[in-house]
Amino acid sequence: MNVRGPLLEVGEVREVSTRYGERDLVELTVRPDGGAREGERSEPSTRTGSGATREHADPVTVTLWGKWTHTAEHAEEGMELLVTDAERDDYGDREGYTTSSESYVVLEPDFLVDVTDVRSWVQCPRMYYLNKLSGIPLNYPVVKGTVVHEVFGDLLRGVNLEESIDDRVAEAGLELGLLGMEREEVADEVRRNAAAIQGWLNQGTLATDDDTSAGGENAAERDESGSADAGDGANASLSEWDGGPDESEWRSEYTLISPTFGIKGRADALRRGQPVELKTGKNTKRDPRFQDKIQAACYALLLRERGVDVDTGTLLYTKNTALDRGEESGDLSPAKEFSVGKGLLEFVVRQRNEIAAAEFDVSVPTGYEADATCEYCFEQDTCMVVSGRLDQESKAGQIGTALPEEEREYFDRTYRALEEERRETHAEYRKLWEQTAEERAADDRALIDLVPVSEEPIGDGRWRLTARKETDAVSKLREGDVALASDGDPASGHAELGRIRKLGDEVVVETDEPVELHRLDVYPSELSVSRMHTAVHDFVLKGDPDRKDVLFGRRDPAFADRSSAGGPYIDNNDAQNAAVERAVDAEDFALVHGPPGTGKTYTIARIVRALVERGDRVLLSAFTNRAVDNAVEALREQGFEDVLRVGTETGVRGDMQDLRLVTRGEPNDRAAKLNSAPVVAATTSSCGSRTMREQEFDVAIVDEASQLTEPGTLAAVNRADRFVLVGDHEQLPPVVRAENHLRESLFQRLIEDHPDAGVMLDRQYRMSQRIQAFSSREFYDGKLRPATPEVAGQTLADLGVDTADLPPELRDSVSFVDPNGTREGNANPVEADRVAEVVDAYVAAGVDPDDIGVIAPFRAQVAEIGRRTDVTVDTVDRFQGSSEEVIVVSFVATGDLSSPIFEDTRRVNVALTRAKKALCLVGDAEALATEPFYERMLEWARR
DNA sequence: CCTCTGCAAAGAGGA
């Protein structure tokens, strides 16, 4: 049975005499909470059948024996503890449990540690930390490694070697070019690496070719071939291994997530269910490198959890080829096998527990945790510099002077906040197995009950999976997303990551391996957290001291006078012209505050042109792909085409693909394309990528900056000498999962600290006078005004609508309707009915349905309304940045406004300012009147 | 409660 729950008490390790001799033990007190967790598969847990509720669960004593006491030494009160296969061992009058020989002890199982992190932690915990801070840099061994891995996967999928090499080298074209590599020299090297793989693969194939029954009984023959020394265990696993009919021997790239051990990762390959790790290097030693074994052992652990009887790990060192081999050095065969015993698996779990414990209190590793010797460490210098600058204790020691205290404090605070974000992401992973399929679907995080139609190979070893969606279910998933395709059970069944190509009644997903597509899940990603870490690292540890003086408030931003020579830039809008001038003159940064409809995008495009005319290289960035594309579109409308759009094919809008940097191709050519572009446009997330981190610009312009966290903004800003932030802090703030200071954008901080560095665009081109009045008064001190009399006076009549054809309550350009509905969860069906009626009334009066948009605060209500009308319905958050002639807003709430979503009135500002000519608010007057802000809104709407 | 991006993983040195 499994025991799981928060630790109430952690005892001291002591040694006792047993009939087996002296042994260590430690006693822990746990309050079991297992009964409440439905996701616990297999084992019944301690609460089951006890009848007690979770709150009243009695504490139990858990005794950890032997080496598990090591984990107890890292355990603290408040951490979650899991002991698998515990045995009942009552202790006085108290319920007690003890570890058995089958047990694993897991600390904080909800904290998901990546296999590669276990690997680096084992090498040195400090290395784990440094990797987290600085990310993986762009260097040749890493890029080559990736290419060889891809080729390996292709070989397993039956792709021709030369075709694969051509293809994969071309795919890495941009990165190779930036590294100054020629295609042929890389291809040659990859070919040499692949030869080792292929030679070894052929040995394995011979063994199975002889045995056409797909079982591969004659492993003995394989053993004779020299490299393998796997015992009978490998055979035993064959019967257990359920790889499907066509893959009795090999599988490539296997995604594994373990809820029990709190480990996730992706194995390079499985051979008869046994993990194979590829290493693009040489190992002249007899045994595999220890950290390589650790990595393979992690996969073995995760596979065993799925019932595969793994006892052997294989490491494939591709540089150990016949060419390099000394005359009789038999140890240089590429494959090194090792047996995976229980002891190694337990070691892996204990190491993983150390990581989870360190992350529990967000502590910074010192290096003393490991036996590693700093003087032989490749990273010693980096390690010492980081320790010195951040004044951290470290085994390697410190060099250099510490950064000012406020910088170190900022670094620590932000680091902690980002780790909180990571935990929230882990909570998303957890839901993959804790929630039932139905709960996931209700949460909009999965499409379930798909009916598989076909699995077809589409070349390059990829597969196209097609399924039918027989319900009108909705989810957060969108075309172009990477998602987890599974046979219905993403946690313990067969699941593959793939990209969604179609998402209608027919669902199409492309994957590396075929799966019976029954279910599609949102796959959480730690990518943004990682990129924010590196952005903060680049800013604090590698950033320009001058810039830091300004951002840490030690100096005011400076402005030169360059614009009087270059301007005026815009002659019919003083504020816009002032914004361009401010941006051109900025020595450090400028801020453009753009309320709704004030021509932000146009101004941005003008700023870009003004800077390029001066000879500056410009980075044009924004939080979303949509905003980046809009900015590029504005540039094109102004006749400027010399823009390079960096981004994924699915991220970049169709009509911008011609400007997109295709990363695949001839290395020199690709690199030159990027290096020579005077304007590069990319999302802030892309700005944190390995390739973009190598690029330098004179100015970075960031749109939607008020929706970005500070580290998110830094990812773009780090790339340039000066920067311009464009945004509106009176609209939606950054969305972060955890409650912390990341909720305030850099834009907002700077505009509050340095109002003079900013220009507010005060004339809006979108809303009629009547519609904009409330927003202007409540959010912009009454300073926002219509740009022209035409804008101010626009009405539905301009669309050919006779207002007399509308019901009386909708004739004013701002109206309010109370449908007397009732909130049910996050929806309000009666209100949804009324919203649909309102929409119909506008359409009946002659408004084009394409000119109408409906906004609701909750996705549930969006879906509810969507079932009743064909016009665009979306959440506030997704409507930001766009507008419609007519907007209908559904407030959902009845009785009171008891939901956090109503607390931030900026969301309302966004909703109300999407409308040009007519705005209808649909809600419960009584509920809205409970808050002064909403009451004022009512008064305005009902005038 | 709202939402964004975007697969993950890849190398190497040496008592």
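Remember, it's a predicted structure, so these values are computed and weren't measured experimentally. Within every chain, numbering begins at 1; the chains are lettered A, B, ... in the order of the sequence lines, protein sequences first and strands thereafter.
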[X] [atom1] to [N] [atom2], straight-line distance once rounded to whole Å:
{"X": "A/D877", "N": "B/dC1", "atom1": "CG", "atom2": "C1'", "result": "9 Å"}
{"X": "A/L527", "N": "B/dA10", "atom1": "CG", "atom2": "P", "result": "15 Å"}
{"X": "A/I855", "N": "B/dC2", "atom1": "CD1", "atom2": "P", "result": "15 Å"}
{"X": "A/R478", "N": "B/dT5", "atom1": "CZ", "atom2": "P", "result": "7 Å"}
{"X": "A/Y128", "N": "B/dA9", "atom1": "OH", "atom2": "P", "result": "14 Å"}
{"X": "A/L138", "N": "B/dA12", "atom1": "CG", "atom2": "P", "result": "16 Å"}
{"X": "A/L477", "N": "B/dT5", "atom1": "CG", "atom2": "C1'", "result": "14 Å"}
{"X": "A/Y317", "N": "B/dG11", "atom1": "OH", "atom2": "P", "result": "10 Å"}

Taking the side chain of [X] as its heavy atoms from C-beta onward, which of [options] lies nearest to it?
{"X": "A/R499", "options": "B/dC7, B/dG13, B/dG11", "result": "B/dC7"}
{"X": "A/T648", "options": "B/dC1, B/dA9, B/dG6", "result": "B/dG6"}
{"X": "A/V482", "options": "B/dT3, B/dC7, B/dA10", "result": "B/dC7"}
{"X": "A/T373", "options": "B/dA15, B/dT5, B/dA10", "result": "B/dA15"}
{"X": "A/C377", "options": "B/dC1, B/dT3, B/dG13", "result": "B/dG13"}
{"X": "A/V142", "options": "B/dA10, B/dA8, B/dG6", "result": "B/dA10"}
{"X": "A/K476", "options": "B/dC7, B/dC1, B/dT3", "result": "B/dT3"}
{"X": "A/E379", "options": "B/dA8, B/dG6, B/dG11", "result": "B/dG11"}
{"X": "A/R531", "options": "B/dC4, B/dG11, B/dG6", "result": "B/dG6"}
{"X": "A/M127", "options": "B/dC1, B/dA12, B/dA8", "result": "B/dA12"}

Does [X] reach a base, just sugar-phosphate, or nothing at all? Heavy atoms under 4.0 Å.
{"X": "A/G265", "answer": "sugar-phosphate"}
{"X": "A/I136", "answer": "base"}
{"X": "A/Y140", "answer": "nothing"}
{"X": "A/T146", "answer": "base"}
{"X": "A/R878", "answer": "sugar-phosphate"}
{"X": "A/S528", "answer": "base"}
{"X": "A/F858", "answer": "sugar-phosphate"}
{"X": "A/T650", "answer": "nothing"}
{"X": "A/D268", "answer": "nothing"}
{"X": "A/P734", "answer": "nothing"}

Along DNA chain B (nearest heavy atom to each residue), the more 5'-positioned of A/G647 and A/I901: A/I901
Upstream residue (5' side of DNA chain B) when A/G145 and A/V522 are each assigned their closest nucleotide: A/V522
Nearest heavy-atom neighbours spanning A/R645 and A/G651: NH2-O, 4.4 Å
Nearest non-hydrogen partners of A/Y140 and A/E189, listed with the distance: OH-OE1, 2.9 Å
Below 4.0 Å: OP1/OP2 of [N] and any side-chain N or O of [X]:
{"X": "A/S686", "N": "B/dG6", "result": "yes"}
{"X": "A/T875", "N": "B/dT3", "result": "yes"}
{"X": "A/Q295", "N": "B/dA10", "result": "yes"}
{"X": "A/R289", "N": "B/dG11", "result": "no"}
{"X": "A/N625", "N": "B/dG6", "result": "yes"}
{"X": "A/T280", "N": "B/dG11", "result": "yes"}
{"X": "A/K279", "N": "B/dG11", "result": "yes"}
{"X": "A/T683", "N": "B/dG6", "result": "yes"}

Parallel, tilted or perpendicular, as decided by the 30° and 60° cut-offs, for the rings of A/H494 and A/Y254: parallel
Any donor-acceptor pair under 3.5 Å joining the side chain of [X] to the base of [N]?
{"X": "A/Q123", "N": "B/dG13", "value": "yes"}
{"X": "A/E479", "N": "B/dG6", "value": "no"}
{"X": "A/R907", "N": "B/dC2", "value": "yes"}
{"X": "A/R690", "N": "B/dA10", "value": "yes"}

Taking 4.0 angstrom as the limit, do [X] and [Y] come out as a salt bridge?
{"X": "A/D521", "Y": "A/R445", "answer": "no"}
{"X": "A/D154", "Y": "A/R157", "answer": "yes"}
{"X": "A/E171", "Y": "A/R168", "answer": "yes"}
{"X": "A/E496", "Y": "A/R251", "answer": "yes"}

Under 3.5 Å: donor-acceptor pair, side chain of A/D268, backbone of A/L278: yes
Aromatic contact, A/Y429 with A/Y523 (centres under 6.0 Å): yes
